[in-house]
Amino acid sequence: MLYCSTRGGVRGRDFREVLFSGYAPDGGMFMPETLPVLSPETLRSWRGLQYTRLVVEISSMFIPAQLIPRDDLEVLVGEALSGFSVPNVVRIARLKDGLSVLELFHGETLAFKDLAMSCTVHFLNYFLQKDSSRAVVLVGTSGDTGGSAINSAKGLPGLDVLVVYPRGRITAVQEKHMTTCLEDNIHVFAADGSSDDIDRPLRRLFADQNLVRTHSLMSLNSVNWSRVMVQIAHFFYAYLELSGVEKAEAAADLPDLEVVVPTGGAGNITAAYIARQMGLPLKLVAMVNSNDIVHRTVTSGDFSMATSVTQTLAPAIDIQDPYNMERIFWLLLGRDGASVKTMMEEFQRSHRHTLPENHRKLLSEVLVTGTVSDQGILETMRRCWEENQYEMCPHTAVGVWHHYQRPHKPGTSRCYVATASPAKFQAAVKKAGLPYDPPEAVLALDQLPTRYQNLERSPDWCKDWEERLREWIQLRGGDSSEPTWRLLAEAAGLLLRLLFLCDPAAAVRYVRSGLTRQQQRAEGGASPRGFLTCLPLTAGCDDVAPPFGLSGQMTSALQQSHIHVTLINITPTVHTLIHHQP
């Protein structure tokens, strides 16, 4: 199994190369050069398989045994999915009037992304340990992806994770799932903008192939093929449980299942479409909130971004750039990379593209869409509670709205994908007038310390964010084969600690003189913007084990002298302090 870019410029990559990638070098997205097609007999034989086993079966079709032997794959997937709160990892709630809800949110961060993310990180760690190598993960999130990536990768010695989230546009629980992680390999930035704004500098960074190669830079968004691959299993599980395939006669056609998916970046609906291409008889419905680009594309061919992202009660799908649609376009157009390249480059340049009518018709034949207002979300949440005593998150309600507005015909089967727990969306639950009873793990988040850095909105914010993140990647992902600079920085940190122990005022003067030198260098055209030294400490903590117990005192002394302190982790045992003039 080999992989190629949706834009036609890259072919012949193996799973490991694609796993450790973001966007393809030509700006496209990686896809298998061919898709396996399952026979009806195989599908029938899979009836009754546990979800974990289905993930193994699907993954084994895309990961050659030469890269991950079958026995190893079973262990990796089993370990990845072992910490979920229900016995079969996922669960189907069967409610009144044929309302069947596939609950995918029983992982640590209460979102469907825990499923594919945990498997993908286990695959990454498998190769990193095998090769004794490291990688830097760069993630932009609209809410759930960041927390899931952090939870899956925290503490792993071979992975450094940088997550950027849109400040003020996600819920408190989503934010705390990110900012309360103090592991040395986790770094969180809060950006003053939307998730689509965040994607712009991230695309530029992934387009820099020298940066990608030098620092082993990769993505854990659903840009990463492995995420989409694992999500294919959601739809096989739903089909085998809900379609009635076990009742169909051997010679008869397989029954259909309609799946309704809340859609933002379009990773889940893309996985469903790939499952359909693999022989699963699915009818696909993508439901969106007021950010309705997918709906407009299907119904009128208007593949264009609105002037701004609308904030809704379903923030994880407040997205105007459904980047995984590129994969669907590629499959629909017969893997025509040149056409996809032209289309997507125009879209990225002007934020708009009009689908030719023949392309729009192709899309509308495989995808039905609908759009739901905040009022529709609240009404759906209330009605489902009144009729079933069943609470759902606002994203799931975006999908279930379809159930109440488009009742399915008797004898047909339909599945609604529940992407997150209502416990993550207190404001929406309360606004709907429903009881809010979060689990203890959510309540405990309020008691935990937080750590993050800000990306402020400036006149040239995209360039500034790109430079700030690039600077971090270059620091964090430095070439491990040349550790001399790290040793020098550690030595400088040790000297500063000793100086502070003997004469705190002298230590502060030392830092201030370093700031002055750096400011003079910057005015002369040099790039460094802060005084750099390495200290094994955590900002604000006085209880670090000796001999580093001065960390909190040092931080306080510097701040009292009007020197702002920002922490950036460099290795599991070394941190870098960059001190900026206020």
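Only this structure's heavy atoms are used, side chains among them; waters, hydrogens and symmetry mates stay out. A quick note: this is a predicted structure, and the numbers were derived from the prediction, not measured.
- Checked against salt bridge (Lys or Arg N to Asp or Glu O under 4.0 Å), D114 has no partners two or more places apart in sequence or in another chain.
- In this structure, the side chain of E175 does not engage the main chain of T171 through any donor-acceptor pair within 3.5 Å.
- Surrounding OH of Y452 are at most 12 heavy atoms belonging to other residues, nucleotides or ligands under 6.0 Å away.
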Subject >> Stepwise salt bridge (Lys or Arg N to Asp or Glu O under 4.0 Å) test for R383 and E379 >> reply: CA-CA 6 Å; R383 183 168 176 181; E379 289 173 358; over 6 Å; no
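- Residue pairs meeting the ring pair (Phe, Tyr, Trp, His ring centres under 6.0 Å) criterion with at least one partner in residues 255-291, sequence neighbours excluded, are absent.
- The stretch residues 28-46 participates, sequence neighbours left out, in these salt bridge (Lys or Arg N to Asp or Glu O under 4.0 Å) pairs: R11-E33.
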**OP:** Check step by step if side-chain contact (heavy atoms from CB on, under 4.5 Å) holds for S194 and R169.
**Re:** CA-CA 7 Å; S194 69; R169 293 172 180 260; 3.9 Å; yes
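- Checked for salt-bridge contact, R47 and E246 meet the test: a charged N lies under 4.0 Å from a carboxylate O.
- In this structure, V173 and P438 have side chains that are not in contact, with every pair of non-hydrogen atoms separated by 4.5 Å or more.
- Note that CD1 of I92 is 4.0 Å distant from CG of L242, once rounded to the nearest 0.5 Å.
- Residues satisfying the ring-ring contact (aromatic ring centres under 6.0 Å, His included) criterion with F206, sequence neighbours excluded, are absent altogether.
- The structure places CH2 of W46 at 13.0 Å from OH of Y239, a figure rounded to the nearest 0.5 Å.
- Inspection of the T120 and S226 side chains reveals an N or O donor paired with an N or O acceptor under 3.5 Å.
- Applying the ring-ring contact (aromatic ring centres under 6.0 Å, His included) criterion to F425, with sequence neighbours excluded, gives H395.
- Judged by distance alone, with hydrogens and angles left aside, the side-chain atoms of R276 form a donor-acceptor pair with the main-chain N or O of L282 at under 3.5 Å.
- The closest donor-acceptor contact from the side chain of T179 to the backbone of T450 lies at 3.5 Å or more, if one exists at all.
- Residues L19 and L124 are in side-chain contact: their nearest non-hydrogen atoms beyond the backbone lie under 4.5 Å apart.
- Here the side chains of H122 and V77 are not in contact, with every heavy-atom distance at 4.5 Å or above.
- V161 is not listed as a side-chain neighbour of E183, based on a closest heavy-atom distance of 4.5 Å or more.
- Atoms SG and CG, from C384 and L434 in turn, are 9.5 Å apart once rounded to the nearest 0.5 Å.
- For S148 (side chain) and K113 (main-chain N/O), a donor-acceptor pair under 3.5 Å exists by modelled atom type.
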Using distance only, find each side-chain donor-acceptor pair of residues 251-266 under 3.5 Å and give its atom names and separation, not counting sequence neighbours.
{"residue": "E258", "atom": "OE1", "partner": "R414", "partner atom": "NE", "Å": "2.4"}
{"residue": "E258", "atom": "OE1", "partner": "R414", "partner atom": "NH2", "Å": "3.0"}
{"residue": "T263", "atom": "OG1", "partner": "V261", "partner atom": "O", "Å": "2.9"}

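- In this structure the side chain of L448 never reaches within 4.5 angstrom of the side chain of K176, judged on heavy atoms.
- A heavy-atom distance below 4.5 Å is not found between the side chains of L49 and L240.
- Taking the ring-ring contact (aromatic ring centres under 6.0 Å, His included) definition, one finds that F62 meets it with W225, sequence neighbours left out.
- Sorted pairs that involve residues 67-116 and meet ring pair (Phe, Tyr, Trp, His ring centres under 6.0 Å), not counting sequence neighbours, are lacking altogether.
- Using a 4.0 Å cut-off between charged nitrogen and carboxylate oxygen, D292 and R296 count as a salt-bridge pair.
- Checked against salt bridge (Lys or Arg N to Asp or Glu O under 4.0 Å), R382 has no partners two or more places apart in sequence or in another chain.
- For the atom pair CG (L445) and OG1 (T180), the distance works out to 5.5 Å, reported to the nearest 0.5 Å.
- Ring orientation note: the planes of Y416 and H402 are tilted relative to one another, at an angle of 30° to 60°.
- Between F30 and N224 the shortest side-chain heavy-atom distance does not fall below 4.5 Å.
- R134 places no side-chain N or O within donor-acceptor distance of the main-chain N or O of D160, the cut-off being under 3.5 Å.
- Under the 3.5 Å distance criterion, the side-chain polar atoms of D199 are left unmatched by any main-chain donor or acceptor of G140.
- The side chain to side chain donor-acceptor pair (under 3.5 Å) analysis of residues 313-328, with sequence neighbours excluded, yields the pairs T6-E326, R7-E326, S222-Y323, S222-N324, N289-D318, N291-D318, N291-Q320, T312-D318, N324-R327.
- Side-chain contact between Q174 and P315 is present, with heavy atoms from C-beta onward closer than 4.5 Å.
- Remark: side-chain polar atoms of T145 are not paired, donor with acceptor, to backbone N or O of T141 under 3.5 angstrom.
- The CG atom of N185 sits 10.5 Å away from the NZ atom of K154 when rounded to the nearest 0.5 Å.
- A donor-acceptor pair under 3.5 Å links the side-chain atoms of S39 to the main chain of T42, judged by distance alone.
- Annotation: side chain to side chain donor-acceptor pair (under 3.5 Å) contacts involving residues 425-437, sequence neighbours excluded, are absent.
- Listed by chain and residue number, E103 satisfy the salt bridge (Lys or Arg N to Asp or Glu O under 4.0 Å) test with R91 (two or more places apart in sequence, or in another chain).
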**OP:** Just do the side-chain contact (heavy atoms from CB on, under 4.5 Å) check on W330 and C4 with the steps written out, would you?
**Re:** CA-CA 11 Å; W330 182 74; C4 61; 3.6 Å; yes
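- The main-chain N or O of E387 is found under 3.5 Å from a side-chain atom of K96 such that the two form a donor-acceptor pair.
- In summary, R70 and E57 engage in a salt bridge, as defined by a charged side-chain N under 4.0 Å from a carboxylate O.
- Contact check on D131 versus R16 returns a salt bridge, with a Lys/Arg side-chain nitrogen under 4.0 Å from an Asp/Glu carboxylate oxygen.
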